[in-house]
Amino acid sequence: MKYLITGAILFGIGLFGALSRRNIIGILISLELMLNSVILNFVFFSRNLADLSGQIFALFIMVIAAGEVAVGLAIIISFYHGAKKIDMEGISLMKW
Amino acid sequence: MIGDSLIIILLVSAFLSVTLKNLFHCAMFLVLACLALAGIYYNLGATLLAALHLMIYVGAMVVLIIFAIMLTSRIYDRILTLSIKQTLPSFFAVAILISVIISAFKKDIIVNNVDKLPGIDPIFGFSRELLTRYAFPFELVSIILLTALVGSIVMARRD
């Protein structure tokens, strides 16, 4: 039970960071925390229901998070080459 | 109790990594949060997942984030601005969300206190499940990872 509450609070912390940050790398760190809270819930239920599928889905989430971080950082670096800053206000290239 | 202290370390370092002003310190506290999470997984009986979490997050992902920080800003010059106009409403929204989720937990979740998964070695069972029942998602997720890495190389290349 305490692990579920921990997962909820961790998700809330990550969501708070993603909403209140303006730096893109800060938002990526917050996204990592949110994904980690989901993994924590999977592992807890895997132990609680005595089923190993939760751990396997946790592994899948880790792989997807790794790909997400790689793509996000590539976008940040290619944006930084043009604009020389990484604040969220500067990114309106794809807005109409 | 070691589980409770790990949870406290996890929550405090996660909060610090979200609210600190220096981005490099945020990444360091993300490392601490990932270490505490690996300890929690080990405590929950997921030993192989704890090792994988250490390798993937602390070994690869945080290093990647620190590289991006070093490539895009001077570490000790930059102070992050954090406006009160965004902080207060998002804090209240998150507080409401967390209270709703926790009040939903209190009703009907069966908690049984098994210490280990019964009968099977967790590493053996994990590997067998991964290569028999979940073989197709395993291959699919490897293709997704390959595509994402090639795409990130193409996107970050300066031309």
Side-chain angles (χ1 to χ4, degrees), chain A residues 1-6 8-23 25-26 28-30 32-33 36 39-40 43-44 46-56 58-60 62-78 80-81 85-87, chain B residues 7 10-11 14-15 17-18 23 26-27 30 33 37 40-41 44-46 49 52-53 56 60-61 64-65 68-69 71-73 80-83 86-87 90-91 93-94 97-98 101-102 105 109 111-112 114 117-118 122 125-126 129-130 134 137 141 144-145 148-149 151-153 155-156 158:
Chain A
M1 192 65 195
K2 64 185 177 188
Y3 291 105
L4 286 179
I5 295 175
T6 308
I9 294 175
L10 189 62
F11 187 84
I13 289 172
L15 186 60
F16 171 71
L19 287 176
S20 65
R21 283 275 195 211
R22 300 162 99 179
N23 193 297
I25 299 180
L28 268 181
I29 290 175
S30 312
E32 288 310 310
L33 289 177
N36 272 321
I39 295 176
L40 180 59
V43 174
F44 173 74
S46 156
R47 172 175 166 273
N48 205 8
L49 303 175
D51 189 0
L52 279 172
S53 304
Q55 295 188 23
I56 290 171
L59 179 68
F60 290 161
M62 275 185 204
V63 175
I64 299 295
E68 169 245 333
V69 162
V71 173
L73 292 178
I75 291 175
I76 288 171
I77 287 174
S78 76
Y80 180 75
H81 284 160
K85 63 181 165 68
I86 47 170
D87 281 345
Chain B
I7 285 175
L10 167 68
L11 290 180
F15 186 73
S17 81
V18 156
L23 205 51
C26 297
L30 183 65
L37 262 174
I40 288 174
Y41 297 158
L44 282 174
L49 203 67
L52 286 177
H53 193 270
I56 295 175
M61 209 172 284
L64 208 63
I65 288 176
I69 293 171
L71 281 176
T72 54
S73 60
L80 297 180
T81 55
L82 213 148
S83 68
Q86 279 170 314
T87 305
S90 54
F91 179 76
V94 166
L97 177 70
I98 288 180
I101 291 175
I102 289 178
F105 281 159
I109 284 179
V111 176
N112 54 7
V114 284
L117 294 174
F126 186 89
E129 289 275 304
L130 192 62
Y134 292 100
V141 93
I144 288 176
L145 186 62
L149 292 182
S152 67
I153 289 172
M155 230 181 299
R158 195 199 292 235

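Every chain is numbered from 1, with letters handed out A, B, ... down the list of sequences.
Of the inter-residue distances, the one linking A/I39 atom CD1 with B/L37 atom CG reads 8.0 Å to the nearest 0.5 angstrom. Rounding to the nearest 0.5 Å gives a distance of 10.5 Å between CG of B/L49 and CG of A/L52. Atom CG of A/D51 and atom CD of B/E129 lie 7.0 Å apart (nearest 0.5 Å).
Highest contact tally toward chain A, considering only B/P137, B/A148, B/S90, is held by B/S90 [criterion: heavy-atom pairs under 4.5 Å]. Ranked by heavy-atom pairs shorter than 4.5 Å toward chain A, the options B/A60, B/A93, B/A46 are led by B/A46. Top candidate by heavy-atom pairs under 4.5 Å with chain B, chosen from A/G17, A/A66, A/G72, A/S53, is A/S53. The greatest number of non-hydrogen atom pairs below 4.5 Å with chain B, out of A/L59, A/I9, A/N36, A/V43, is found for A/N36. The candidate from A/I25, A/I76, A/L15 with the greatest count of non-hydrogen atom pairs under 4.5 Å with chain B is A/I25. Of the listed residues (A/I77, A/L33, A/I64), the greatest number of heavy-atom pairs within a distance under 4.5 Å of chain B belongs to A/L33.
The shortest side-chain heavy-atom distance between B/I98 and A/F11 does not fall under the 4.5 Å cut-off. Put simply, the side chain of A/F60 reaches to within 4.5 Å of the side chain of B/L130, judged on heavy atoms. In this structure, B/F91 and A/L19 have side chains that are not in contact, with every pair of non-hydrogen atoms separated by 4.5 Å or more. B/I144 is not listed as a side-chain neighbour of A/V63, based on a closest heavy-atom distance of 4.5 Å or more.
Nearest heavy atom pair, residue A/A8 against residue B/I101, reads CB-CG2, 3.8 Å. Minimum interatomic distance between A/G67 and B/L145 (heavy atoms only, all atoms of both residues): N-CD1, 4.0 Å. Here the closest heavy-atom approach between residue B/A68 and residue A/L73 is recorded as CB-CD2, 3.4 Å. Listed here is the closest heavy atom pair of A/A74 and B/M155: CB-CB, 4.2 Å. In plain terms, the two heavy atoms of B/L11 and A/I13 that are nearest each other are O-CD1, 3.9 Å. Closest heavy-atom contact between A/Y3 and B/L44: CE1-CD2, 3.8 Å.
A/I56 touches chain B through backbone and side chain together, each having a heavy atom under 4.5 Å away. When heavy atoms are compared at a cutoff of 4.5 Å, B/L149 approaches chain A solely by way of its side chain, counted from C-beta outward. The contact between B/L97 and chain A is made entirely by side chain atoms (from C-beta outward), counting heavy-atom distances below 4.5 Å. Residue contact with chain A, scored on non-hydrogen atoms closer than 4.5 Å, involves the side chain of B/L30 exclusively. Heavy-atom distances place no part of A/L28 under 4.5 Å from chain B, backbone and side chain included. Of the two parts of A/A65, the backbone and the side chain both hold a non-hydrogen atom closer than 4.5 Å to a non-hydrogen atom of chain B.
Ring orientation note: the planes of A/F16 and B/F15 are close to parallel, at an angle under 30° on the 30°/60° scale.
In this structure, A/E68 has no side chain to side chain donor-acceptor pair (under 3.5 Å) partners at least two apart in sequence or on a different chain.
A donor-acceptor pair under 3.5 Å links the side-chain atoms of A/R21 to the main chain of B/V18, judged by distance alone.
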